[in-house]
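All ligand and atom numbering here is 1-based and tracks the order in the structure. Along the sequence shown, the residues carry numbers beginning at 1. Everything numeric in this text was worked out from a predicted model, so none of it was measured.
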Amino acid sequence: MGCEKAAKFVLVANPNNPTGTFIPIADIERLVAESDRLVVLDEAYVDFAPDNGLRLLSRYPTLLILRTFSKSYAAAGIRVGFGLGHPELIGRLRNIQNVFNMNVIGHAVGISVLAHRAIYEDNHRHITQERERVASALSQLGLSATPSDANFLLVRVPAGHDGRWWQLALERQKILVAFFPDEGLEDCIRVSIGTKTQMDAILAAISDISGRSKMGISPAAQ
Ligand SMILES: *Cc1c(COP(=O)(O)O)cnc(C)c1O
């Protein structure tokens, strides 16, 4: 935690993107308790995780939790997120915030989404179950997924081709996955979890591409 000394604040995404990994809340609490900086906990994917940091808020005025409607509520189009914090911290943020807040339509839709949170629970449950099914199906196809607590899997592709190659091969079958050219992620793709039909389609495509690749056939061949 050496660089923390010079930092104005500490930002932790939990679950993290693109790994999908989740840091236990006890470890987050230790970080908040030991740091004299503001800790911003980005919980964009927390609805797919086993826990969250809400219970820390009343005890730590240096913790700000950020959430969004863009992921688990499938409402990225309203471009609205929200923050949760100790009244002391929120009071200070209120003092510096622009008098022109978010637009009224986004505000109304966001409030409505929160009021109907329960109707999203089936979808969250589906995604977490489907995530586990897809992870084990991928491992049978020779691809390994990092254990994930988000709505996506970071998947290591088999030796021979990198993540970019797999991204393009899947794109030819009209399946979009993310690729990150960053160091250490070259051999990975990020697969978002969708409906069962969509996930069956990507599993079939991966199986097909693997078969062709082993036979030395280019994935471009239709
Ligand atoms: C998507 C995402 C957000 C929120 O994005 P908005 O659509 O701008 O609300 C925040 N953090 C992470 C890590 C994300 O992946």
Side-chain angles (χ1 to χ4, degrees), residues 3-4 7-25 27-28 31-32 35 37-54 56-57 62-85 89-90 93 96-98 100-117 119-121 123-124 126-128 130-131 134-135 145-155 163 167 176-185 188-195 198-199 202:
C3 55
E4 196 201 318
K8 292 226 167 72
F9 66 93
V10 180
L11 177 63
V12 182
N14 200 38
N16 189 37
N17 184 11
T19 57
T21 45
F22 186 75
I23 301 167
I25 298 303
D27 293 350
I28 298 288
L31 172 70
V32 177
S35 173
R37 310 294 144 112
L38 174 70
V39 176
V40 179
L41 188 59
D42 180 345
E43 291 195 339
Y45 296 98
V46 84
D47 291 318
F48 308 107
D51 200 1
N52 66 70
L54 284 184
L56 304 180
L57 287 180
T62 52
L63 174 65
L64 178 66
I65 292 184
L66 299 182
R67 301 267 179 103
T68 177
F69 293 111
S70 296
K71 308 287 160 60
S72 63
Y73 298 108
I78 60 170
R79 310 295 326 141
V80 174
F82 55 100
L84 302 124
L89 176 66
I90 298 299
L93 287 175
I96 57 170
Q97 96 180 111
N98 192 316
F100 301 108
N101 207 326
M102 68 179 85
N103 73 74
V104 292
I105 297 172
H107 194 241
V109 175
I111 299 265
S112 171
V113 167
L114 288 181
H116 298 93
R117 225 173 16 219
I119 63 173
Y120 294 87
E121 280 168 13
N123 193 40
H124 298 168
H126 158 77
I127 287 172
T128 49
E130 191 65 4
R131 183 184 70 205
V134 172
T146 305
S148 168
D149 282 307
N151 62 341
F152 53 78
L153 290 164
L154 186 70
V155 178
Q167 182 189 42
L176 304 182
V177 299
F179 166 72
F180 306 89
D182 313 59
E183 203 185 326
L185 293 175
C188 296
I189 51 173
R190 191 192 60 194
V191 176
S192 293
I193 303 300
T195 63
Q198 288 169 333
M199 301 324 289
I202 188 172

Can you confirm whether more than 12 heavy atoms, excluding those of Ile105, are under 6.0 Å from its CD1 atom? no
What residue and atom, counting heavy atoms only, is the protein's closest point to [atom], and at what distance?
atom                    : answer
atom 2 (C) of ligand 1  : Lys71 NZ, 2.3 Å
atom 8 (O) of ligand 1  : Arg79 NH2, 2.9 Å
atom 9 (O) of ligand 1  : Thr68 OG1, 2.5 Å
atom 12 (C) of ligand 1 : Asp42 OD2, 3.4 Å

Under the ring-ring contact (aromatic ring centres under 6.0 Å, His included) rule, collect the residues that match up with Tyr120, sequence neighbours excluded.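 In terms of ring-ring contact (aromatic ring centres under 6.0 Å, His included), with neighbours along the sequence ignored, Tyr120 is linked to Tyr73.
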Check contact between Phe69 and ligand 1, using heavy atoms of the residue and a distance below 4.0 angstrom. no
Side chain of [X], backbone of [Y]: donor and acceptor closer than 3.5 Å?
X      : Y      : value
Arg190 : Val155 : no
Gln167 : Val177 : yes
His107 : Asn103 : no

Looking at non-hydrogen atoms alone, which of Ser70, Ala75, Ala150 comes nearest to atom 6 (P) of ligand 1? Ser70
Applying side chain to side chain donor-acceptor pair (under 3.5 Å), can you list everything that pairs with Glu121, at least two apart in sequence or on another chain? none
Using a strict cut-off of 4.0 Å, indicate which atoms of ligand 1 neighbour a heavy atom of Ala44.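 Those of ligand 1 that fall under 4.0 Å from Ala44 are 2 (C), 3 (C), 10 (C), 11 (N), 12 (C), 14 (C).
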